[in-house]
Amino acid sequence: MEMLAIMGGTPVRKDKISYGKQFIDIDDIEAVIKTLQSNYLTCGPEVEGLEEELCKYTGGRYAAVVSNGTAALHCACIAAGIGPGDEVVTTPLTFAASANCAVYCGAVPVFADINSKTYNIDPESIRKNITNRTKAVIAVDFTGQIVEVEEIRRICDEYNLVFIEDAAHSIGSMYNGKKAGNLADITTFSFHPVKTVTGGEGGAVLTNNKDYYNKVLLARSHGITHNRDLMKENHDEPWYYEEISQGYNYRITDIQCALVRSQLHKIDWFIVRRKEIVKKYNEAFSVFPEIILQEEIPQADTCRHLYILRLNMDMLSCTRLEFFNAMSEEGIQPQVHYIPVYWFPFYQARGYKKGICRNAEKVYEEIMSIPLYPAMSDQDTEDVIHAVRKVIENYRK
Ligand SMILES: *Cc1c(COP(=O)(O)O)cnc(C)c1O
């Protein structure tokens, strides 16, 4: 599609650079090939190996890997005992799956507003949205910054709620020196290609609670158990197993797990590189009053998954859409994360009204995500900064 030249002159980039991209090297490829040549394509040693490594890496006691991050959230909700009539408090500034998982269980998502500085769910707003039907909080580490764990923990203890952390953005991030996976009652990860480590698809559930862990294992595999201690009937037949609860096929392949394991070996470098790029962006953008930087809580040590460019619309003569299109024309393809979940027709049809989370809606209107991934070169980073500067200068009031 031909675009109208808005800025004029040559674009900063001719080849488009996108907001996120996986990094796959020869070690990753070899790990996958080795698994393809092995005896197990699923339910094999790569699955268990990844689970062990996730525990070791995050500090969480139990890990169950599943087919994707959405399945991980569904399993977390099942383990938390969420069912029809229950309410689950979550954020609207997230991918739809963070709320959909409650709907899968027949429960009702309730949207709490965000903090306008960190963009994470505001503990005070969680508190205001609690009723006697509330069963859990699903807090999302938006862009990779861990949520306000201490405050949310206090609220969950006070009202006897399960604290679920959607850590799809935050593998490798820390709160008070502890990693995601070892902070909430149940934590979920995603290994989608835009996330920090990938398996093509994939997800994981981390918990320190054995009961939750056992429930996740059942949910992952048809509600079927081979564990005699969990069975209802007494049978001696060697082939005997039982379906004891409602479950699904949320298994992940050994091929994917081998890829995630190989990626995990590089995570320290991924984190360093992401932090370097974020630092460069923050330094470059802090001189522009037209840009509002995302703030970090002092407890956070963030491996950022998304870099949010937030515009101070009062200082610009363009709309967010015009800014977005101008960036695209410079060869920098932004994306917007996220449309408030309850704005979607699916939720509107269920009675959610626009305007219920003012902060989230305002932030949504002002943001776009710009490129952030470890394979970006210093030149790529400079090009993004150059494009932002060029577009701002063109639209400065
Ligand atoms: C990616 C993502 C998910 C879903 O993960 P999938 O692996 O794509 O199913 C859930 N929550 C958030 C916040 C995400 O970014």
Side-chain angles (χ1 to χ4, degrees), residues 18-22 50 54 63-78 88-105 109 111-112 114 118-121 136-147 163-173 180-181 183-184 186-206 216 219-220 248-253 256-257 259-260 263-264 274 294 302-308 335-342 344 346-347 360 363-364 367-369 372-373:
S18 80
Y19 81 92
K21 191 181 173 192
Q22 70 274 16
L50 175 56
L54 284 171
V65 289
V66 293
S67 47
N68 55 66
T70 305
L73 282 164
H74 188 192
C75 289
C77 288
I78 292 167
V88 173
V89 179
T90 190
T91 172
L93 198 67
T94 184
F95 185 57
S98 314
N100 291 348
C101 56
V103 178
Y104 297 165
C105 294
F111 295 96
I114 60 163
T118 65
Y119 317 149
N120 270 336
I121 196 165
V137 173
I138 301 179
V140 180
D141 299 328
F142 180 68
T143 73
Q145 177 172 195
I146 308 282
V147 290
F163 179 6
I164 299 172
E165 184 182 349
D166 179 346
H169 296 183
S170 59
I171 193 164
S173 290
L183 294 166
I186 311 177
T187 305
T188 64
F189 292 118
S190 164
F191 305 126
H192 181 277
V194 296
K195 309 294 160 75
T196 299
V197 299
T198 187
E201 295 276 358
V205 184
L206 273 288
V216 169
R220 170 173 78 174
Y248 304 83
N249 178 357
Y250 281 161
R251 293 189 310 263
I252 182 172
T253 65
Q256 292 165 299
C257 289
L259 179 52
V260 177
Q263 291 262 298
L264 267 181
R274 283 178 179 274
Q294 182 177 0
T302 304
C303 168
R304 205 166 285 284
H305 157 59
L306 294 172
Y307 191 93
I308 303 289
Q335 185 48 274
V336 174
H337 300 93
Y338 293 95
I339 300 162
V341 172
Y342 60 81
F344 290 126
F346 176 80
Y347 285 97
V363 167
Y364 160 69
I367 58 174
M368 64 193 71
S369 308
L372 176 60
Y373 51 89

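Hydrogens, waters and symmetry mates are skipped; everything else that's a heavy atom, side chains included, is used. Remember, it's 1-based here, ligands and their atoms both numbered in the order they're listed.
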Donor-acceptor pairs under 3.5 Å, side chain of residues 195-206 to any protein atom, not counting sequence neighbours: which ones?
{"residue": "Thr198", "atom": "OG1", "partner": "Phe191", "partner atom": "O", "Å": "2.8"}
{"residue": "Thr198", "atom": "OG1", "partner": "Gly200", "partner atom": "N", "Å": "2.9"}

Q: Could you tell me whether a side-chain N or O of Arg304 sits under 3.5 Å from a main-chain N or O of Gly144, the two making a donor and an acceptor?
A: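 Pair absent, no side-chain N/O of Arg304 close to backbone of Gly144.
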(Q) Does anything in residues 65-78 form a side chain to side chain donor-acceptor pair (under 3.5 Å)? List the pairs, not counting sequence neighbours. (A)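 Those involving residues 65-78 are His74-Tyr250.
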(Q) At less than 4.0 angstrom from any atom of ligand 1, which residues have a non-hydrogen atom? List them by chain and residue number. (A)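 These residues qualify: Asn68, Gly69, Thr70, Leu73, Thr94, Phe95, Ala97, Ser98, Val140, Asp166, Ala168, His169, Ser190, Lys195, Gly202, Tyr338.
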Q: Could I get the full list of side-chain hydrogen bond (donor to acceptor under 3.5 Å, both in side chains) partners for Ser170, not counting sequence neighbours?
A: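 Scan of Ser170 (side-chain hydrogen bond (donor to acceptor under 3.5 Å, both in side chains), adjacent residues dropped) gives Asp141.
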Q. Can you name the nearest heavy-atom pair linking Val140 to Val147, along with the distance?
A.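 The answer is O-CG1, 3.2 Å.
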(Q) Under a plain distance cut-off of 3.5 Å, with no hydrogens placed, do Thr118 and Gln145 share a side-chain donor-acceptor pair? (A)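 Gln145 vs Thr118: no donor-acceptor pair found between side chains.
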